[in-house]
Amino acid sequence: LEVTGGSIKASGEYSSGVYNSGKLEVTGGSIKASGDASSGVKNFEKLTVTDGEISGNYSGVDNQGELTVTGGNISGNSSGVDNQGELTVTGGNISGTDYGVENDSSGKLTVTDGEISGVSFGVGNHGTLTVEGGSISAIGDDSSGVCNYNYGSLEVTGGSIEASGEYSSGVKNYGSLEVTGGSIKAS
């Protein structure tokens, strides 16, 4: 399935604009789910986003498969992407009110370009996070660019991680952290 334009909308509780258990490419248009605990796309196989808008009341994308973001905008009221699979970000914008990306314990997230932002956390990492480029940011009081929870693994070789607001931190680390490049700051 390829979404190149137009709009797909869902409004029911726990709904999704697209429930994907095959191969889905979003190259334009908009996919929106506005019901409680809804996701723009629930992905169980392969999703590629190169352009367009995906949004959900809970998450823009609930990813349990393979998600590649090279462009477009993904947003959610809780998290832009709730990742339990494999997420590769090489461009585009992902944003959420709480988390830009919530990377669960089974999640693998690689960022080489693009922007990920949240109010509380740019990324909440319980899994494996590699930052090679791009930017991850949080903009609220007591926020963190990345919160690396217990059992989380964070490797930073490039890019920028930033948080702004009172009591903010570039990285809150409770797991495994290795930094060999890039920039981390709080202001």
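This structure is a prediction, so every number in the text was calculated from the model and none was measured. What you see below is based on every heavy atom in this structure, not just the backbone, and it leaves out hydrogens, waters and symmetry mates.
Note on V41 and L109: same hydrophobic cluster, where clusters join Ile, Leu, Val, Met, Phe, Trp and Tyr whose side-chain heavy atoms are under 4.5 Å apart, directly or indirectly. V101 and V89 fall within the same hydrophobic cluster, defined by Ile, Leu, Val, Met, Phe, Trp and Tyr side-chain heavy atoms under 4.5 Å apart, directly or through other members. By the rule that hydrophobic residues join a cluster once side-chain heavy atoms approach within less than 4.5 Å of another member, Y99 and I161 end up as members of separate clusters. A continuous path of Ile, Leu, Val, Met, Phe, Trp and Tyr side chains, each step under 4.5 Å between heavy atoms, connects V123 with V179, placing both in one hydrophobic cluster. Following chains of ILVMFWY side-chain contacts shorter than 4.5 Å, one can reach L87 starting from V111, so the two form part of one hydrophobic cluster.
Nearest approach of S38 to A33, heavy atoms of both residues: OG-O, 3.1 Å. Of all heavy-atom pairs between S120 and A138, the closest is O-CB, 3.8 Å. Shortest non-hydrogen contact noted between A186 and G170 is CB-N, 3.7 Å. Across all their heavy atoms, T112 and E132 have their closest contact at CG2-OE1, 2.9 Å. Listed here is the closest heavy atom pair of I31 and G40: CG2-O, 3.2 Å. When all heavy atoms of A163 and S143 are compared, the closest pair comes out as CB-OG, 3.7 Å.
The aromatic rings of Y19 and F44 sit tilted, their planes meeting at an angle between 30° and 60°.
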Begin from the C-alpha positions of S144 and S169 and carry the test side chain to side chain donor-acceptor pair (under 3.5 Å) through to its verdict. CA-CA 5 Å; S144 298; S169 55; 3.0 Å; yes
Would you sort out whether Y149 and S105 count as a side-chain contact (heavy atoms from CB on, under 4.5 Å), showing the intermediate values? CA-CA 9 Å; Y149 295 102; S105 60; over 6 Å; no
side-chain contact (heavy atoms from CB on, under 4.5 Å) between N63 and L47, intermediate numbers included: CA-CA 9 Å; N63 182 51; L47 169 60; 5.5 Å; no
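Between L24 atom CG and E2 atom CD the span is 9.0 Å, to the nearest 0.5 Å. Rounding to the nearest 0.5 Å places OG of S75 at 7.0 Å from CD of E53. Between atom OG of residue S176 and atom CG of residue N150 there is a gap of 12.0 Å, rounded to the nearest 0.5 Å. Rounding to the nearest 0.5 Å places CD of E155 at 12.0 Å from CG of N148. Going from atom CG of D113 over to atom OG1 of T88 covers 13.0 Å, rounded to the nearest 0.5 Å. Interatomic distance, K23 NZ to K46 NZ, rounded to the nearest 0.5 Å: 5.5 Å.
Between the N77 side chain and the T97 main chain, no donor and acceptor come within less than 3.5 Å of each other. Looking at D36, its side chain never comes within 3.5 Å of a backbone N or O of E13 through a donor-acceptor pair. S79 places no side-chain N or O within 3.5 Å of a backbone atom of E102 that could act as its donor or acceptor partner. Side chain of N103 to backbone of T128: a donor-acceptor contact under 3.5 angstrom is found. Looking at S106, its side chain does come within 3.5 Å of a backbone N or O of Q84 through a donor-acceptor pair.
With V171 as the partner, the side-chain contact (heavy atoms from CB on, under 4.5 Å) test is satisfied by one option alone out of L154, N125, V131: L154. S34 pairs in a side-chain contact (heavy atoms from CB on, under 4.5 Å) with only one of the listed residues (S15, S11, S55), which is S11.
The six-membered or imidazole ring of Y14 lies away from that of Y58, with a centre-to-centre distance of 6.0 Å or more.
Using modelled atom types and a 3.5 Å distance limit, the side chains of S160 and S183 yield no donor-acceptor pair. Side-chain atoms of S39 and S59 include a donor-acceptor pair closer than 3.5 Å.
Dense packing is recorded around NZ of K172, with more than 12 heavy atoms of other residues, nucleotides or ligands lying under 6.0 Å away.
Residues N20 and L1 form no side-chain contact, since every pair of their non-hydrogen atoms from C-beta on lies 4.5 Å or further apart.
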